[in-house]
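Excluded from the calculations below are hydrogen atoms, water molecules and symmetry mates; all remaining heavy atoms, backbone and side chain alike, are included. By convention here, the first residue in the shown sequence is residue 1.
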Amino acid sequence: MIRESLARAAAATEAALPGWRLDRLRAELDRPLLLVAAGATLPAARLWARLHERTGHPAWARSTHDALHRPVPEGAAVVMLSGSGRHHDVLTAARHLGDAAKGHLRAVVCLEGTPLADLTRGL
């Protein structure tokens, strides 16, 4: 059930993005990757991290709590995962990680115009 939901969300997200955005995202993620998520999206972050390691780059999946208390790995891009983009823990972690990610902080959310998407766009 969860895998099917994640597959549908991934397909919908990819279908909604113009090709140039996908190409840009792929280029930005051609490096070590830290994925940060809370609740139900944490398993998706773990899966993405394992898949990213197959590209030859290290990857880590952390909860929002761990992200607040552990440093960003050197040279890593940071991707925040959130279904709603409104969860206070995810927003707090994104604010905290903004400087540490050195311009490589992105959000993946299911809805447009969420506080998380707005926050990461402004960093």
Side-chain angles (χ1 to χ4, degrees):
M1 178 77 167
I2 291 175
R3 184 171 48 194
E4 292 168 2
S5 297
L6 291 174
R8 279 195 307 273
T13 300
E14 187 168 348
L17 290 173
W20 65 269
R21 284 192 179 186
L22 278 176
D23 292 342
R24 190 174 87 190
L25 180 63
R26 285 185 185 117
E28 288 180 17
L29 300 183
D30 190 21
R31 62 180 55 241
L33 182 62
L34 171 61
L35 293 126
V36 179
T41 57
L42 190 53
R46 290 182 180 131
L47 174 61
W48 189 341
R50 298 301 70 86
L51 293 172
H52 189 73
E53 287 178 337
R54 291 183 179 179
T55 68
H57 297 290
W60 304 266
R62 293 186 185 158
S63 69
T64 52
H65 180 269
D66 284 345
L68 289 171
H69 296 88
R70 298 175 70 187
V72 173
E74 185 66 34
V78 178
V79 174
M80 308 293 301
L81 299 181
S82 177
S84 70
R86 292 172 170 30
H87 194 275
H88 65 90
D89 286 354
V90 173
L91 294 171
T92 300
R95 286 185 195 101
H96 175 76
L97 295 170
D99 289 334
K102 298 181 178 122
H104 296 284
L105 177 66
R106 300 292 175 254
V108 175
V109 294
C110 293
L111 305 169
E112 282 188 59
T114 66
L116 179 60
D118 293 342
L119 176 68
T120 56
R121 192 176 294 118
L123 295 175

Side chain to side chain contact (heavy atoms under 4.5 Å, CB included) between Met80 and Val36, intermediate numbers included: CA-CA 5 Å; Met80 308 293 301; Val36 179; 3.7 Å; yes

Qualifying salt bridge (Lys or Arg N to Asp or Glu O under 4.0 Å) pairs with a residue from residues 65-84, counting only residues at least two apart or across chains: none

What's the separation between atom [atom1] in [X] and atom [atom2] in [Y], rounded to the nearest 0.5 Å?
X	Y	atom1	atom2	result
Leu68	Arg62	CG	CZ	11.0 Å
Leu34	Leu105	CG	CG	9.5 Å
Leu91	Ser82	CG	OG	7.5 Å
Thr55	Leu33	OG1	CG	8.5 Å
Arg95	Leu116	CZ	CG	9.5 Å

Verdict with supporting geometry, Thr92 and Thr64, side chain to side chain contact (heavy atoms under 4.5 Å, CB included): CA-CA 8 Å; Thr92 300; Thr64 52; over 6 Å; no

His57: side-chain hydrogen bond (donor to acceptor under 3.5 Å, both in side chains) partners, not counting sequence neighbours: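 For His57 the side-chain hydrogen bond (donor to acceptor under 3.5 Å, both in side chains) partners, ignoring immediate neighbours, are Asp30.
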
Contact summary for Ala76 and His104, nearest pair of heavy atoms: O-CB, 4.5 Å

Any residue meeting side-chain contact (heavy atoms from CB on, under 4.5 Å) with Pro58, in chain and number order, not counting sequence neighbours: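 Here the qualifying residues are Pro32, Trp60.
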
Ala37: partners by side-chain contact (heavy atoms from CB on, under 4.5 Å), with sequence neighbours left out: Thr41, Leu42, Ala45, Leu81

When the side chains of residues 46-53 are checked against the rest of the protein, which donor-acceptor pairs come out under 3.5 Å, sequence neighbours left out?
| residue | atom | partner | partner atom | Å |
| --- | --- | --- | --- | --- |
| Arg50 | NE | Glu53 | OE1 | 3.1 |
| Arg50 | NH2 | Glu53 | OE2 | 3.1 |
| Arg50 | NH2 | Ala59 | O | 3.3 |
| His52 | NE2 | Leu29 | O | 3.4 |
| His52 | NE2 | Arg31 | O | 2.8 |

ring-ring contact (aromatic ring centres under 6.0 Å, His included): pairs with one or both residues in residues 68-91, sequence neighbours excluded: His65-His69

